[in-house]
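Here the structure is laid out as structure tokens; the discussion comes afterwards.
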Amino acid sequence: MSASIPNVIEMEGVSKRFGTVQALLDVTLGVPEGCFHGLVGPGASGKSVLVRLAAGLYRPDSGSIRVLGEDIVRLGQVEQQRVRSRIGMLFQGTALFDYMTVGENVAFPLRRLTDMPEQEIRDRVSERLARVGLAGFEERDPGSLSGGQRKRVGIARATIAHQPLIIYDDPTAGLDPVTASKIFEILREEQLAAGATVLAVSSDVDSLVKYVDRIALVERGAMRYHGPLEEAYRASDPFVSAFLRGEWRAA
Amino acid sequence: MRPGEAVLFPVRAVGRAFTDIAFQAGGILILALGIARRFFPPDIDVRELKRHLFSMGNRSVMVVAFSCFFVGVTMVVQATILVQELGAYSLVGWGSAYVVLRELGPVFVALMFSGRVGANNTADLATMVITEQVDGLRALGIDPISFLIVPRVIAMVVMCFILTIIGDAVALGGSAIMADTMLDIDIHVFWKGVHDFIKFKDMWLGLEKSVAFGSIIAMSSCFYGLNVEGGAPGVGRAVNASVVSSAVGIFIADYIMAFMLG
Amino acid sequence: MIRFEHVIKSFGPKVVLDDVSVAITTGEVFFVIGQSGVGKSVLIKHLVGLLRPDSGEIWVDDTEVSGLDERRLAPIRKRCGMVFQHSTLFDSLDCLDNVALPIQKHRRLGLKAARAEAYRYLDLVYMREFAHHFPSSLGDGLRKQVAIARTLTMEPAYVLFDEPTTGLDPISARRVDHLIRELADRTSVTCIVVSHDLASITSTADRIMLLYRGRIQLLGTQEDFRQSKDPVVRQFMAGSPVGPIEV
Amino acid sequence: MDRISTTSRPPGWRDPTGSVSGVPLWLEPTRILGAGVLDLARAGRYLWSVFLRTLYYTFRGKREKGAVWRHGLEMGNRSVFFMTVTMGFVGMLFVHSAAYQVNQITGDLHLVGAAYIELVVRDLAASIGAVVLATRVGSGIAAEIGSMVVTDQVDAMRMCGTDPVEYLVAPRFIASIVTGTAVLVYTAAVMVLSGMLAANLYFGVNPRIYLNLVYVDWHEVLTGLVKCVTYCAAIPVVSGYCGLSTFGGSEGVGWATTRAVVNSAIAVILLDAIISTSSYFIFY
């Protein structure tokens with residue numbers, strides 16, 4: 001990794017075990033600032049666990065994790081909370097608050113993290129909803145939206161507070177290709193506009209590879225490749241290029 | 001709200017409450033008939049029945065024993081004032097045994113059983129409905145009632161009966177110990193009080209109640225499990241409704257049986 | 001042969017199937033594609049009587065299905081096996097017993113005889129080595145293959161797949177496509193697959209029906225879809241964000 | 001329908017039928033006991049931290065406007081009908097069996113009402129009422145919070161620098177103390193009235209003799225109130241803890257609700273023992 005650009009996320013030798021299942025084993029990963037970084041891998045290979053470790057929601061059993069320049073493993077509960085509030089995250093199930101309206105959902109980060117006046121929050125919310133193509137949806141109930149629309153509210157909520165790092169956990173899960181491509185388009189526009197660093201997990205490899213600069217491949221808890229996308233196709237490990245093209249017969 | 005509606009609102013609310021209760025009671029009755037129909041050509045999956053008997057018993061014995069011990073203890077603590085006043089020490093054994101065997105034992109065991117096993121049964125069934133496993137069964141041409149529901153109902157009725165016996169014993173033990181420490185009534189005196197005055201009918205009434213409670217808990221937990229809507233929050237609501245309707249059913253049945261048979 | 005005639009179905013205000021008429025011939029792999037939430041799964045659930053249409057007729061071979069009650073639906077359900085999106089296996093039984101269960105119930109066999117028979121179906125889906133694993137310990141892809149084996153135990157004439165490859169990683173998805181293709185070629189089973197996975201559509205489908213806003217946008221072979229000038233079809237097959245389809 | 005992953009179990013999930021592999025059979029009981037004690041200790045520590053944080057946020061937290069009022073109203077009107085039916089029958093049963101027993105011994109029923117009312121005020125309404133209320137309110141809280149955990153909403157809150165205890169448990173804590181105590185006081189009235197009905201109908205006790213408050217003095221009322229407030233404080237904390245420690249998809253929500261119902265009931269029983277014995281030594 002070029003030393004000139006600092007890394008937003010740096011993981012060295014990270015392992016995590018849940019009871020009898022070894023979710024991650026000795027994983028090393030570097031996500032440079034401003035890059036659109038993909039994370040792929042077959043089935044339940046530990047992608048979600050890795051992303052939650054980076055967001056400080058889990059503590060690793062071993063290894064070090066530095067996020068936004070801070071070693072979050074050593075930090076106490078309160079400092080960790082401070083680091084977490086500089087990370088925007090869209091969860092796999094979109095995790096919208098059922099009992100709030102769409103507008104209140106999107107405004108939640110601003111209300112909790114800043115003491116911005118109510119009027120300014122309302123303007124920021126309508127501007128954000130317009131950018132994701134949901135102008136005028138402020139009063140709608142999240143339950144009445146389609147899958148694609150819920151994902152776009154999630155994106156609006158994850159990016160409204162202009163956090164330096166945005167994590168997307170499988171943002172196009174269960175969506176048809178057309179809706180999925182629209183979601184990726186919005187992610188890319190957001191990233192260029194805000195200049196934030198993005199780490200995106202996806203099972204839809206074909207769509208993801210069109211947008212990412214760098215990519216990491218995790219298989220059954222082990223890191224098989226992480227680096228620029230072009231080099232991935234020429235990687236020494238045959239599993240990597242075959243997986244990206246979806247041909248390899250499982251071992 | 002427009003003024004007219006303000007007047008109508010309570011009427012509509014009460015009306016809706018009654019239709020809800022009617023819908024649920026009706027639904028439970030239909031389910032009961034469906035289950036009864038499956039008994040005559042006895043079409044029961046024995047392996048499922050064994051699995052449920054084991055998991056239900058295993059999970060609830062500790063909880064039932066713990067709470068019944070305290071029921072026994074508090075029975076004696078409450079009775080101390082009355083007993084000291086009337087000086088009827090020898091009757092403490094009879095007094096607590098009478099109430100525990102006829103009323104408190106079955107009711108408390110049923111409440112704990114409903115909380116532990118009833119709620120769990122509703123959660124299992126609700127999850128299977130949401131993840132389309134019940135539709136999967138129907139698509140395989142297997143009747144969900146006989147494969148899923150009947151073994152659970154039988155297991156729950158049998159387990160509630162057995163746990164009531166254990167609960168009664170533990171509660172009486174608790175009362176005996178408390179009577180010994182607090183009122184220093186010797187165990188033999190306590191046991192003599194129980195042995196002389198308690199008629200077989202008292203004990204049998206309590207056990208009859210436990211069978212009734214077991215079937216009420218089984219019916220309502222299976223009904224709410226099968227009629228779940230709305231994803232994960234729906235499961236929570238179903239379990240909530242099942243626990244509540246079991247509790248109401250237990251107390252009503254207890255009242256009816258206490259006065260019909262008592 | 002399965003025939004839909006002027007089927008209309010709506011959930012409250014939302015019209016899901018708007019006057020759909022289609023005939024599916026025996027032995028072909030028929031794909032129903034369209035956006036998620038547009039009513040594709042609703043279509044096949046009508047076939048096994050899990051849903052009833054508002055109006056119109058549905059014929060499975062020579063029986064009209066939409067009016068039947070649970071008891072008279074039983075023979076139809078035996079002829080139309082269904083594989084659900086979440087491959088609904090029982091966590092309390094291992095894979096072998098999951099497959100043996102319908103055999104035991106339908107053919108009145110003892111447990112041992114049913115298990116011997118179940119191994120034959122596990123071979124069909126290359127899952128013999130996982131016979132004694134529990135479903136919760138397997139990945140989504142392997143669980144899907146066991147679910148297919150379990151449906152095949154009923155020797156159905158039609159097998160309905162509800163988004164078989166959605167949420168699977170590319171490798172497991174291609175293996176499931178391969179199984180569907182193999183099933184249609186080797187036996188006279190008709191496969192009806194609901195999907196929006198472009199890779200499996202282009203690799204496995206004999207005929208395709210694109211549903212858009214509850215109506216049939218295009219019904220035809222792979223070739224028809226490649227040469228179609230309809231902007232909606234072109235956008236969907238390319239999976240591109242640009243085009244008339246609004247989300 | 002978003003993908004609820006129940007068939008793919010969370011790592012470390014133990015088979016619910018309790019069968020654990022890898023331990024010789026005769027060691028099994030000690031292993032379960034040991035694991036039980038360990039779990040209890042860890043759960044105890046986590047529960048204690050939830051309780052402290054709830055207290056802290058009750059006085060210092062930045063709260064959503066109207067949340068306490070919404071929870072209080074919902075808890076209240078959903079349990080009033082339920083408590084009336086259940087506790088009405090409990091009252092009738094107690095008086096009926098007590099009167100039957102006293103009838104056998106002395107046949108003089110004039111003190112039954114007084115002794116029963118004293119018991120109701122001091123302990124019965126609060127304890128049995130709270131156990132029954134716990135099944136209703138406890139399972140409701142655990143169900144709501146549990147389903148928010150399973151759909152990642154709680155993690156989403158953590159990402160916005162918000163402690164879920166502040167946003168979810170604290171408002172329910174305040175609402176439960178206010179509404180819960182009111183409901184339990186109402187329950188005491190219901191038990192007294194239903195007892196009067198039973199005594200009059202089955203034993204012909206004149207209501208005026210029955211309604212005799214000679215035994216009831218401020219000790220009893222104070223103990224009763226302290227019990228009500230303590231139980232209504234414990235129920236949301238215990239159920240909130242069970243809700244927050246949910247895992248394993250929608251099946252996990254069911255598990256959390258079951259645990260909440262049982263743990264709240266046990267918490268009430270334990271607190272009852274503590275308060276009853278301490279009030280016994282203080283006042284007598």
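Residue numbering restarts at 1 for every chain, and letters A, B, ... go by the order of the sequence lines. Everything quoted here is computed from the prediction, not taken from an experiment.
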Considering all heavy atoms, the nearest [X]-[Y] contact:
X	Y	answer
D:M92	B:Y255	SD-CE1, 3.3 Å
B:S242	B:Y224	CA-CD1, 3.5 Å
D:V190	D:M87	CG1-C, 4.3 Å

Contact origin within [X] toward chain D - heavy atom pairs under 4.5 Å:
X	result
B:N120	both
B:I250	neither
B:V243	side chain
B:A247	both

| remark: Sequence neighbours excluded, the answer for ring-ring contact (aromatic ring centres under 6.0 Å, His included) partners of D:Y241 is D:Y46
| task | Considering only NZ, NE, NH1 and NH2 on the basic side and carboxylate oxygens on the acidic side, decide whether D:E144 and D:R172 come within less than 4.0 Å. | result | yes
| Which of the residues D:T258, D:I266, D:V261 is involved in the greatest number of heavy-atom pairs with chain B at under 4.5 angstrom? | D:T258
| Among D:A260, D:S139, D:A256, D:A273, who wins on heavy-atom pairs under 4.5 Å with chain B? | D:S139
| query | Considering residues at least two apart in sequence or located in another chain, which fulfil the side chain to side chain contact (heavy atoms under 4.5 Å, CB included) criterion with D:A156? | reply | A:F91, A:A95, A:F97, A:R157
| message | Using a 4.5 angstrom heavy-atom cutoff, name the option from B:G115, B:G118, B:S114, B:S67 with the most pairs to chain D. | response | B:G115
